[in-house]
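Each ligand, and each atom within it, is numbered from 1 in the order the structure gives. Treat the numbers as computed from the prediction; the structure is a model and nothing was measured.
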Amino acid sequence: MPLVTTTEMFKKAYEGGYAIGAFNVNNMEIIQGIVEAATDEKAPLILQVSAGARKYANTVYLKKMVEAAVETSGLPIALHLDHGDSFELCKDCVDSGFTSVMIDASAHPFAENINITKQVVEYAHDHGVVVEAELGKLAGVEDDVKVDAKDASYTDPDQVQEFVEKTGVDSLAIAIGTSHGAFKFKGQPKLRFDILEEVGRRLPGFPIVLHGASSVPQEYVKLINQYGGNMPGAQGVPEEMLRKAASMAVCKINIDSDLRLAVTATIREHFALNPAHFDPRQYLGPARDAVRKVVRHKIVDVLGCNGKA
Ligand code: G3H
Ligand code: 13P
Ligand code: ZN
């Protein structure tokens, strides 16, 4: 089976009240860990590549490794551009064989977001590629995605119908209080499910995307802090909130930070216990196994997409 778009995945996920995991990939071990878990659990997959990942690993390498994943697993896998910030970047990904792109023009005013998104949709649809856009702004910091908390804003449900109608976009990322990275909430976690519910009412049957959805497992935060790291107060989205979102209109749940934490905690612990090791396979192998464990847990216990491939 070749790479697929997300159209069929989202249709089934919406009807079935579950979500598809969209995992960020940056290297071979991360791809393999994710794909092994999805294979074990017969889950459809979205592997997503950010602009930072393209710079780090080279988009050709990532694409070829994802193709290897398709070939070895036989799973339905979509290759998605995460947070494309321009028409040119999205076009480049469409031209190089991605099956899905995100145009994130959420930093622009509403009308401009519509215009940029519409331009990407026209080009992508002409090439059989689907498009995700964003309305509202998530807070948080990662390599190429930076929004201060003061500049973040919730999605306004009054805007979603006009946005979807005018752009022709295939899915929509909304801001309901999640944020990127490992420090999502200062106090009690709180998500605006009322906004998600209202958006779902205004766009019946339409797939919604949740970014910043890592749950920041405390077992990994503890290991990182125990073995020389410094992440006090790291906190993610409680899993019961993600399960609730998946049962509503959310069909795609984005997870990156949890994979980073699993890899880093595993490698830190590995060197603390095995200071003489110097073969990268000795620590990248366990890191790959940790990714597999996290993804398997997400698929089975949070997203509910096991057995849906
Ligand atoms: O939402 C952003 C993703 O987690 C990618 O982060 O730009 O550091 O690769 P990155
Ligand atoms: P996390 O930082 O919560 O993993 O979010 C990832 C994301 O939204 C990628 O687009
Ligand atoms: Zn994101």
- Query: Short list, please: which atoms of ligand 2 are under 4.0 Å from a heavy atom of His83?
  - Reply: 10 (O)
- Numbering the atoms of ligand 2 from 1, which are under 4.0 Å from a heavy atom of Ser214? 1 (P), 3 (O), 4 (O)
- Quick one: does Met102 get within less than 4.0 Å of ligand 2, heavy atoms only? no
- Which of the atoms of ligand 1 are close to His180, meaning less than 4.0 Å from one of its heavy atoms? 1 (O)
- Short N-O contact, Glu240 and Lys244, less than 4.0 angstrom: no
- Query: Is a salt bridge present between Lys293 and Asp289, judged by a nitrogen-to-oxygen distance below 4.0 Å?
  - Reply: no
- Task: Taking Lys184 for its side chain and Ser179 for its backbone only, find out whether a donor-acceptor pair lies under 3.5 Å.
- Result: yes
- Message: Quick one: does any side-chain atom of Arg296 pair with a main-chain N or O of Ala37 as donor and acceptor, under 3.5 Å?
- Response: no
- So, the side chain of Gln218 versus the backbone of Val216: is there a donor-acceptor pair under 3.5 Å, distance only? yes
- Query: Would a 4.5 Å heavy-atom cut-off, applied to side chains only, mark Arg54 and Cys93 as touching?
  - Reply: yes
- Query: With backbone taken as N, CA, C and O and side chain as the heavy atoms from C-beta onward, which portion of His211 lies under 4.0 Å from ligand 1: side chain, backbone, both, or neither?
  - Reply: neither
- Note on the structure: So the atoms of ligand 1 within less than 4.0 Å of a heavy atom of Asp256 turn out to be 3 (C), 4 (O), 5 (C), 6 (O)
- Distance filter under 4.0 Å to Ser257 heavy atoms, resulting ligand 2 atoms: 1 (P), 2 (O), 4 (O)
- Query: Which of the atoms in ligand 1, numbered in the order shown and given with their element, are less than 4.0 Å from a heavy-atom of His83?
  - Reply: 1 (O), 2 (C)
- Contact (N/O only, under 3.5 Å) between His180 and ligand 2: yes
- Near Lys184 (heavy-atom distance under 4.0 Å), the atoms of ligand 2 are 1 (P), 2 (O), 3 (O)
- Query: Considering only heavy atoms, does Asn24 approach ligand 2 within less than 4.0 Å through its side chain, its backbone, both, or neither?
  - Reply: side chain
- Message: Looking at ligand 1, would Met102 count as a contact under a 4.0 Å heavy-atom criterion?
- Response: no
- Message: Please report the interatomic distance CD(Glu198) to CG(Leu203), rounded to the nearest 0.5 Å.
- Response: 10.0 Å
- Task: Return yes if a side-chain donor-acceptor contact under 3.5 Å exists between Gln161 and Arg202, otherwise no.
- Result: no
- Can you name the one residue among Glu269, His270, His277 that meets side-chain contact (heavy atoms from CB on, under 4.5 Å) with Leu273? Glu269
- Query: With atoms numbered from 1 as shown, which atoms in ligand 2 lie under 4.0 angstrom from a non-hydrogen atom of Ile255?
  - Reply: 4 (O)
- Task: Check each heavy atom of Asp256 against ligand 2 and say whether those closer than 4.0 Å belong to the side chain, the backbone, both or neither.
- Result: both
- Query: What about Asp258: any of its N or O atoms under 3.5 Å from an N or O on ligand 2?
  - Reply: no
- Ala182 and ligand 2 - part of the residue with a heavy-atom distance under 4.0 Å: neither
- Query: Got an N/O contact under 3.5 Å between Ser50 and ligand 1?
  - Reply: yes
- Item | Glu132 versus His83, side-chain donor and acceptor atoms under 3.5 Å | no
- Task: Could you list the atoms of ligand 1 found under 4.0 angstrom from a heavy atom of Asp82?
- Result: 1 (O), 2 (C), 3 (C)
- Message: Can you confirm, on distance only, whether ligand 2 has an N/O atom lying under 3.5 Å from any N/O atom belonging to Gly212?
- Response: yes
- Message: Could you check whether any side-chain N or O of Gln48 sits under 3.5 Å from a backbone N or O of Phe23, counting only pairs where one atom can act as donor and the other as acceptor?
- Response: no
- Can you tell if the side chain of Pro189 reaches within under 4.5 Å of the side chain of Gln235, non-hydrogen atoms only? yes
- Message: For a side chain to side chain donor-acceptor pair (under 3.5 Å) check, start with the C-alpha distance between Asn254 and Asn24, then their side-chain angles and the critical distance, and finish with the verdict.
- Response: CA-CA 8 Å; Asn254 283 14; Asn24 286 73; 5.5 Å; no
- Query: Can you name the N/O/S atom of His83 that is nearest the Zn ion (ligand 3)?
  - Reply: NE2
- Message: Need the ligand 2 atom indices (1-based, order shown) with element for anything under 4.0 Å from a heavy-atom of His211.
- Response: 8 (O), 10 (O)
- Message: Can you tell me which N/O/S atom of His211 has the shortest distance to the Zn ion (ligand 3)?
- Response: ND1
